[in-house]
Amino acid sequence: MATTSDIEKAAGVLRAGGLVAFPTETVYGLGANAEDAAAVARVFQVKGRPPSHPLIVHIGGAQQLGDWVGDVPATARLLAECFWPGPLTLVLRRGRRVSLEATGGLETVAVRVPAHPVALALLSAFGGGVAAPSANRFGSVSPTTADHVRGELGDAVGFVLDGGPCEVGVESTIVDATGEIPSVLRPGGVTREDLEAVLSCPVAVHSTSRVRVPGQHPSHYAPRARVVLVEPEKVVAEAELAQELGHQVGVFLPPSLADAPVKAHAVVSVPSSMAAYARGLYGFLRDLDQQGCDLIVASLPVEEGLGLAIANRLRRAAGPRPS
């Protein structure tokens, strides 16, 4: 686990224009000084991320929000008070401190306060905003341990802070708070139901939007193996057919089929708890890759609570790969 000395070293790397991988409650981030355009550009280079895809600026507390955005509507302030620190990202008008490199050239900026003691200690020691996407190659499975980061990015990262496994396991919920009525641009660790309870109104979830945000690429969160989504009752038959056709098949066995026998290369029994499923999702995908699977058969959970975020990640993982 990261020590005070580690955190000070990492803050020094950020001040010098370097990159730091750090834990949050969602996934590990690849961070740079949000005010240093060259450092931010290095994040895009290391990830292989298109420069038009904006990053999230991580700050140390809701009281700092006004330093990084152009204005703070009442609704955004309410959401920050209720969910920060936590897995909620707010999209607002960009303040002057944020480089256009970090926003993908947009006049909006995505901002959040992470709920992880190591991340908060880093932000406090650094004293500024840290622009960070997930600490992995663009489009691949997000990292939820420090070892995932080291294995994928290696020496391209100036310093890796180890904060243990991530508690939430899927990325933050992104909410467009620029208008009168907030909407979800990416489901995540704060559920739609949580938002509706605070706002006392329905909250729409958009698969596409006028505002570019992380995670909207057709293929994202994807393992090396191809992911195929079928109805829960068809998982076993689809997996066994693919195995017979010569694939090395990994199966996400839904809770309704927990005791069903299945002939496949590797089997993951999906937890019945959506919180446990979200926490383990990216680890399951990575494990099946490591076991040599070339095809993963899965079904979508019920799309409520954290199930909505899990379904979103699985759909993106099954999306069309770049040719």
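What you see is a predicted model; the values in this text were computed from it and never measured. For reference, positions follow the sequence shown, starting with 1.
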### Query
Hey, is the main chain of Pro54 close enough, under 3.5 Å, to the side chain of Arg49 for a donor-acceptor pair?
yes
### Query
Atom SG in Cys293, atom NE2 in His247: separation rounded to 0.5 Å?
12.0 Å
### Query
For the side-chain hydrogen bond (donor to acceptor under 3.5 Å, both in side chains) test, which of Arg137, Arg286, Lys47 pairs with Glu152?
Arg286
#### Entry: Residue pair Val203 / Pro182, side-chain heavy-atom distance below 4.5 Å
no
#### Entry: salt bridge (Lys or Arg N to Asp or Glu O under 4.0 Å) pairs, two or more places apart, involving residues 304-313
Glu171-Arg313
#### Entry: Leu14 vs Leu122 side-chain heavy atoms within contact, under 4.5 Å
yes
### Task
Look at the side-chain heavy atoms of Ile, Leu, Val, Met, Phe, Trp and Tyr, link any pair under 4.5 Å apart, and say whether Val27 and Ile310 land in one connected group.
yes
### Residue pairs fulfilling side chain to side chain donor-acceptor pair (under 3.5 Å) with at least one residue in residues 225-235, sequence neighbours excluded
none
### Task
Would you mind reporting whether Asn33 and Phe126 have side-chain heavy atoms less than 4.5 Å apart?
yes
### Val268: partners by side chain to side chain contact (heavy atoms under 4.5 Å, CB included), with sequence neighbours left out
Phe252, Phe284, Leu288
### Task
Applying side chain to side chain contact (heavy atoms under 4.5 Å, CB included), name anything that partners Glu25, two or more places apart in sequence or on another chain.
Pro87, Arg112, Pro114, Ala115, Val168
### Same apolar cluster: Leu300 and Met274, side chain cutoff 4.5 Å
yes
### Task
For the residue pair Thr24 and Thr26, confirm or rule out a side-chain donor-acceptor distance under 3.5 Å.
yes
#### Entry: Contact check, side chains of Val118 and Asp162, non-hydrogen atoms, under 4.5 Å
no
### Query
Among pairs that include at least one residue of residues 61-102, which meet ring-ring contact (aromatic ring centres under 6.0 Å, His included), considering only residues two or more places apart or in two chains?
none
### Message
Nearest 0.5 Å, please: how far is CG in Asp194 from CG in Leu88?
### Response
10.0 Å
### Message
Is there a side-chain contact between Phe159 and Asp6 in this structure, where contact means two heavy atoms from C-beta onward sitting under 4.5 Å apart?
### Response
yes
### Summary
Here the gap from Asp176 atom CG to Ile181 atom CD1, rounded to the nearest 0.5 Å, amounts to 11.0 Å
### Message
Would you say that Pro254 contacts Leu257 through its side chain, given a criterion of any heavy-atom pair below 4.5 Å between the two side chains?
### Response
yes
### Partners passing side chain to side chain contact (heavy atoms under 4.5 Å, CB included) against Leu100 (at least two apart in sequence or in another chain)
Arg94, Thr103, Glu107
### Query
Who passes side chain to side chain contact (heavy atoms under 4.5 Å, CB included) against Ala225, sequence neighbours left out?
Asp289, Ile296
### Task
Hey, could you give me each pair passing side chain to side chain donor-acceptor pair (under 3.5 Å) that has a residue in residues 252-273? Not counting sequence neighbours.
Gln248-His265
### Query
What's the spacing between Leu314 CG and Leu281 CG if we round to 0.5 Å?
5.5 Å
### Task
Taking the side chain as every heavy atom from C-beta outward, state whether Val262 and Glu240 have any atom pair closer than 4.5 Å.
yes
### Message
Is a donor from one side chain sitting under 3.5 angstrom from an acceptor on the other, for Ser172 and Arg186?
### Response
yes
### Query
Does any N or O in the side chain of Gln243 come within less than 3.5 Å of the main-chain N or O of Ala264, such that one atom is a donor and the other an acceptor?
no
### Task
With side-chain contact (heavy atoms from CB on, under 4.5 Å) as the test, would you mind laying out the steps for Leu92 and Val111 before giving the verdict?
CA-CA 8 Å; Leu92 294 162; Val111 185; 5.7 Å; no
### Message
Distance check, rounded to the nearest 0.5 Å: Thr191 atom OG1 versus Leu306 atom CG?
### Response
6.5 Å
### Query
For residues 162-186, which residue pairs qualify under ring-ring contact (aromatic ring centres under 6.0 Å, His included), counting only residues two or more places apart or in two chains?
none
### Query
What's the spacing between Ser200 OG and Leu78 CG if we round to 0.5 Å?
8.5 Å
### Query
Does Val297 reach the side chain of Val249, with side-chain heavy atoms less than 4.5 Å apart?
yes
### Message
Could you check whether any side-chain N or O of Ser99 sits under 3.5 Å from a backbone N or O of Ala37, counting only pairs where one atom can act as donor and the other as acceptor?
### Response
no
### Message
Considering only residues two or more places apart or on different chains, which pairs with a residue in residues 26-42 satisfy salt bridge (Lys or Arg N to Asp or Glu O under 4.0 Å)?
### Response
Glu35-Arg97
### Pairs where residues 114-135 contributes a residue and the test side chain to side chain donor-acceptor pair (under 3.5 Å) is met, not counting sequence neighbours
Ser134-Asn136
### Query
What do you reckon, are the aromatic ring centroids of His58 and Phe22 less than 6.0 Å apart?
yes
### Nonpolar side-chain network containing Leu245, other nodes, edges under 4.5 Å
Leu241
